[in-house]
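Before any comments, here is the structure.
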There are 4 protein chains.
Amino acid sequence: MSRTRSEQAVWRREQLLDAALRVFADKGVDGATVKDVAQAADVTPGLLYRYFASKEAMVETLLSERGFLPRLLEWRAQGHDTRPATEVLTELLEAFDRLLADNAELMALFFSAAQARAPLATMVNEGQRLIGDFLRDRVDAGDLRPHDTVMAAKTLFATVAINRRFGTPIDIAALVGLLYPEEG
Amino acid sequence: MSRTRSEQAVWRREQLLDAALRVFADKGVDGATVKDVAQAADVTPGLLYRYFASKEAMVETLLSERGFLPRLLEWRAQGHDTRPATEVLTELLEAFDRLLADNAELMALFFSAAQARAPLATMVNEGQRLIGDFLRDRVDAGDLRPHDTVMAAKTLFATVAINRRFGTPIDIAALVGLLYPEEG
Amino acid sequence: MSRTRSEQAVWRREQLLDAALRVFADKGVDGATVKDVAQAADVTPGLLYRYFASKEAMVETLLSERGFLPRLLEWRAQGHDTRPATEVLTELLEAFDRLLADNAELMALFFSAAQARAPLATMVNEGQRLIGDFLRDRVDAGDLRPHDTVMAAKTLFATVAINRRFGTPIDIAALVGLLYPEEG
Amino acid sequence: MSRTRSEQAVWRREQLLDAALRVFADKGVDGATVKDVAQAADVTPGLLYRYFASKEAMVETLLSERGFLPRLLEWRAQGHDTRPATEVLTELLEAFDRLLADNAELMALFFSAAQARAPLATMVNEGQRLIGDFLRDRVDAGDLRPHDTVMAAKTLFATVAINRRFGTPIDIAALVGLLYPEEG
DNA sequence: CATGAATGAGGCTTCATTCAT
DNA sequence: AATGAATGAAGCCTCATTCAT
């Protein structure tokens, strides 16, 4: 109602991105039309071009602004160091899984956008590194037995990601228990 | 050159599927044009329609005829039963990994075809079941310690698949070693 | 120039229908291309699809909106009852003939649209009934001798229509004189 | 079986024309494809081009070789002169009507082929002249009262033709009775 | 800021026609 | 004589994008 010009502009931009994410995730970037996005945002196609230079620019904006890695990093920043490694690890993976679930649309976009291969790979690498760093810290601290932490990180990340992606969610505690049977 | 009509028809069909797979994997199904496929096959677009009813039909044919699960099942059919479980498991996963590597294009197609979600889910489920069955057999035979074989199958499958998918191949023996440290 | 949006839309729609009727009548529905219609309307082909869902929809719209029966019925609605039957009949047929002449394009469309057989048959039936009703009224009123009014209506209608259709227009007064020699 | 080369060629040509007539009448010339015709003739498309230079040539051949006016003229050639005019006229019109019924496909072709306007007009004119000549002869012979025979011919022809065309066949005796009430 | 009419490029598909076999 | 694989030219339609209002 009483939004300043600039507030309104920001709000509209977000609204358009929301709509675009929804539509792109649903139909794929190529499968979705600008008109689809406009309708999802309850707006006319022409308006999109006041906020984004092109359809492609919308995709790029989504990929860069809506990436969820930042949120994972935030999580990491909080100290969880005093509790058992497997407990924290389970929580970390659950946070990651929840992130994926909450961002199913974004994931679909990542997987579908042919052009988006690079951002996706980055995300995978970063995610694996995040988990790997955590594991190595805990091995160093003696909380976990020495093991191939890089491989473990890849395994954990992949398992959570792929099962979330294809609609077969898993019991993360069981996953952690599988890799760290003695620790639990 | 000197092919019979019927041979030529079969050959041409395969050639077109090859070209289509290559192009779809490269640009995504929606991003690729029928003209692209035709050019990749060194043929005019019209000809595609003597062999396939539509672009969509090409995708479906690729998904059903070129699925690689059949090949995995073949592998499974051969007896590998006399050797240590972890050795055979490593081989199974390597076979799977090689299959993915050899079929990078097919994988890309699976991941990109927005409408092809169902075949992909099937493939994931079947693959996990294949590995899970193997693990359970070996647990029953006392070759592996009792453990959550379903989860293990999911883990192994996911790890191999996702890392192959995003260009970060892994050391499969290390993966097996991670899950079955005592057995090796 | 200074038309409101809504006026413009109505005007454009009519303009497109005008062009379509002209072109379809000239080349036949199947023989005419969407591009032909667009060029006749001095517009790009894409625009047609803002106003009509398909080429076929254009044909259907023409058939239903531009049918001329409504105009005949208007004529009939006016009272012509006080004058001699043959005089009024002649006028009615002349009105009909004029309608056909004025709508040569529409007639051509009616005759050519293979799929549009139903509207055409309807038009024929309605036209015959209109004339037949008139004749029976006048027979009942004693203005015309008793005779097979249904057959007479068919005869009159057919004669006017077919001769107008194939470019051999006739003297309608002579036609009426042929069927009602004593009355004139 | 034992056809000479030349017999076979003639036979095949007729077979193709039969098929073409059937298909063109059903779908319209533009709506029918060469493949449609070939399939109707149980033959491959390529073969058509050994017998006709083009699809258009098939249409033209049908229009010129399969016109039914020749058959009407044959009928006329036989003497029917000793019997009452209305009786013979009824028979003539019935023969004409039957011809139209028997050649529904040809009629459909005549009406649909946009290019076939000229042959159709010719047919109409010839038919009207044939009937008109008959009427004038009988008027001259005193069998019919003096009247506008040209107009009568047009009327009779049109009525039979249009009603046959649009699936509303009529009682021809009643038609004749309408125009020649006293004579019957 | 917002609309939606209009464009132009290009996509999928069909089809008359040719030609090697 | 007959086939059917292959072509090339369109045809219908969609859609990202622009722009006058």
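By convention in this document, chain letters (A, B, ...) are assigned in the order of the sequence lines, proteins followed by strands, and residues within each chain are numbered from 1. These numbers come from the heavy atoms of this one structure, side chains and all, not from hydrogens, waters or symmetry mates.
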What is the distance, to the nearest angstrom, from the [atom1] atom on [X] to the [atom2] atom on [N]?
| X | N | atom1 | atom2 | answer |
| --- | --- | --- | --- | --- |
| A:Arg13 | E:dA2 | CZ | P | 15 Å |
| A:Gln15 | E:dC1 | CD | C1' | 13 Å |
| A:Tyr51 | F:dT18 | OH | C1' | 18 Å |
| A:Arg50 | F:dC19 | CZ | P | 13 Å |
| A:Leu48 | F:dC19 | CG | P | 17 Å |
| C:Gln39 | E:dT7 | CD | P | 12 Å |

Under the 3.5 Å Watson-Crick or G-U criterion, the dot-bracket string of DNA chain E, with | for inter-strand pairs:
.||||||||||||||||||||
Is the shortest heavy-atom distance from the side chain of A:Asp18 to the side chain of A:Arg22 under 4.5 Å?
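Yes, side chains in contact.
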Respond yes when some side-chain nitrogen or oxygen of B:Gln8 is under 4.0 Å from OP1 or OP2 of E:dA20, and no when none is.
no
Contact summary for [X] and [Y], nearest pair of heavy atoms:
| X | Y | value |
| --- | --- | --- |
| C:Val34 | C:Pro45 | CG1-CB, 4.2 Å |
| A:Asp30 | B:Gly31 | OD2-N, 3.4 Å |
| C:Ala32 | C:Val23 | CB-CG1, 3.4 Å |

Select base, sugar-phosphate, or nothing to describe what C:Arg12 touches, counting heavy atoms under 4.0 Å on all strands.
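Sugar-phosphate, no base atom in range.
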Students often get this wrong, so: under 4.0 angstrom with heavy atoms, is D:Phe52 touching a base, only sugar-phosphate, or nothing?
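Nothing, no heavy atom under 4.0 Å.
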Stepwise, does the side-chain contact (heavy atoms from CB on, under 4.5 Å) test hold for A:Lys55 with A:Phe24?
CA-CA 11 Å; A:Lys55 182 188 177 186; A:Phe24 288 158; 4.1 Å; yes
Which pairs, with at least one residue in residues 44-54 of chain D and sequence neighbours excluded, count as a side-chain hydrogen bond (donor to acceptor under 3.5 Å, both in side chains)?
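Output for this query is empty, none listed.
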Verdict with supporting geometry, B:Leu17 and B:Glu14, side-chain contact (heavy atoms from CB on, under 4.5 Å)
CA-CA 5 Å; B:Leu17 285 177; B:Glu14 293 309 308; 4.3 Å; yes
Which parts of nucleotides 11-17 of chain F does protein reach within less than 4.0 Å, heavy atoms only, written one letter per nucleotide 5' to 3' as B for base, S for sugar-phosphate only and - for none?
SSBBSSB
Is it true that a side-chain atom of A:Asp36 and a backbone atom of A:Thr33 form a donor plus acceptor pair closer than 3.5 Å?
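Yes; at least one donor-acceptor contact below 3.5 Å.
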Given side-chain contact (heavy atoms from CB on, under 4.5 Å), test A:Leu16 with A:Val37 step by step and report yes or no.
CA-CA 8 Å; A:Leu16 296 183; A:Val37 174; 5.9 Å; no
